[in-house]
Amino acid sequence: MTAAVQDVLDLDVRWVLHPQVALRPESFGALLYHFGTRKLSFLKNRTIVAIIESLPEHSDMRSAIAAAGIDESASAPYVKALAMLAESNMITRP
C-alpha cells in the first residue's frame, strides 16, 4: 500500500457510510449518491459494495475487508478503491 493511500484510508480505524450518502443496490453493483456534494459514484464491484454494507458490523476497515474474504495479499485494489471513496467523502470516520 502506498503512503498516499495510507494517508487517506487508515485500515485500523472504524469507517462508516457518510450520513449524507445513500447506497442503492443495482444489478451491476451499486450507486452511491452524496446529498451534500451531489456527487454520484458507480460501484461496479460487488465485493466493494459488500464491504461498505458491512462497515457497521466491524471495528475497523481491515476486519471489514477480511470478512469479505479478501486476503491481505490481495487487498491492494480494494484498499485503493475504498481510499478513493474516503477521499470523495462517500465513507468517513464516525
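Numbers here simply count residues along the sequence, with the first being 1.
- Across Leu40, Asn89, Leu17, a single residue satisfies side-chain contact (heavy atoms from CB on, under 4.5 Å) together with His34, and that is Asn89.
- The closest donor-acceptor contact from the side chain of Arg46 to the backbone of Ala30 lies at 3.5 Å or more, if one exists at all.
- The structure places CD of Glu72 at 5.0 Å from CZ of Arg62, a figure rounded to the nearest 0.5 Å.
- Looking only at distances, a side-chain donor or acceptor of Asp60 sits under 3.5 Å from a matching main-chain atom of Ser63.
- The distance from the OG1 atom of Thr47 to the CD1 atom of Ile65 is 11.0 Å, given to the nearest 0.5 Å.
- Of all heavy-atom pairs spanning Val8 and Ala83, the tightest one is CG1-O, 3.3 Å.
- Once rounded to the nearest 0.5 Å, the distance linking CD1 of Ile48 with NZ of Lys80 reads 12.0 Å.
- Atom CD of Glu26 is surrounded by more than 12 heavy atoms from other residues, nucleotides or ligands within 6.0 Å.
- No donor-acceptor distance shorter than 3.5 angstrom exists from the side chain of Trp15 to the backbone of Ile52, with no hydrogens or angles considered.
- Atoms CD and CE, on Gln20 and Met90 in that order, are 11.0 Å from each other to the nearest 0.5 Å.
- Nearest heavy-atom pair, Arg14 versus Pro94, reported as atom, atom and distance to 0.1 Å: O-CD, 3.3 Å.
- Rounded to the nearest 0.5 Å, atoms CD (Glu87) and CG (Leu82) are 12.5 Å apart.
- In the hydrophobic clustering of ILVMFWY residues, with side-chain heavy atoms under 4.5 Å counting as a link, Ile51 and Val16 come out apart.
- Closest of all the heavy-atom pairs between Leu9 and Ala86 is CD1-CB, 4.2 Å.
- The distance from the CG atom of Leu32 to the OG atom of Ser88 is 8.0 Å, given to the nearest 0.5 Å.
- Side-chain contact between Asp10 and Met61 is absent, with no heavy-atom pair separated by less than 4.5 Å.
- In this structure, Val21 and Tyr33 have side chains that are not in contact, with every pair of non-hydrogen atoms separated by 4.5 Å or more.
- With hydrophobic clusters built from ILVMFWY side chains whose heavy atoms lie under 4.5 angstrom apart, Leu55 does not share a cluster with Leu31.
- Leu11 and Met84 are members of different hydrophobic clusters when ILVMFWY side chains are connected at heavy-atom separations under 4.5 Å.
- Under a hydrophobic-cluster definition in which Ile, Leu, Val, Met, Phe, Trp and Tyr are linked whenever side-chain heavy atoms come within less than 4.5 Å, directly or via other members, Val13 and Val79 are assigned to the same cluster.
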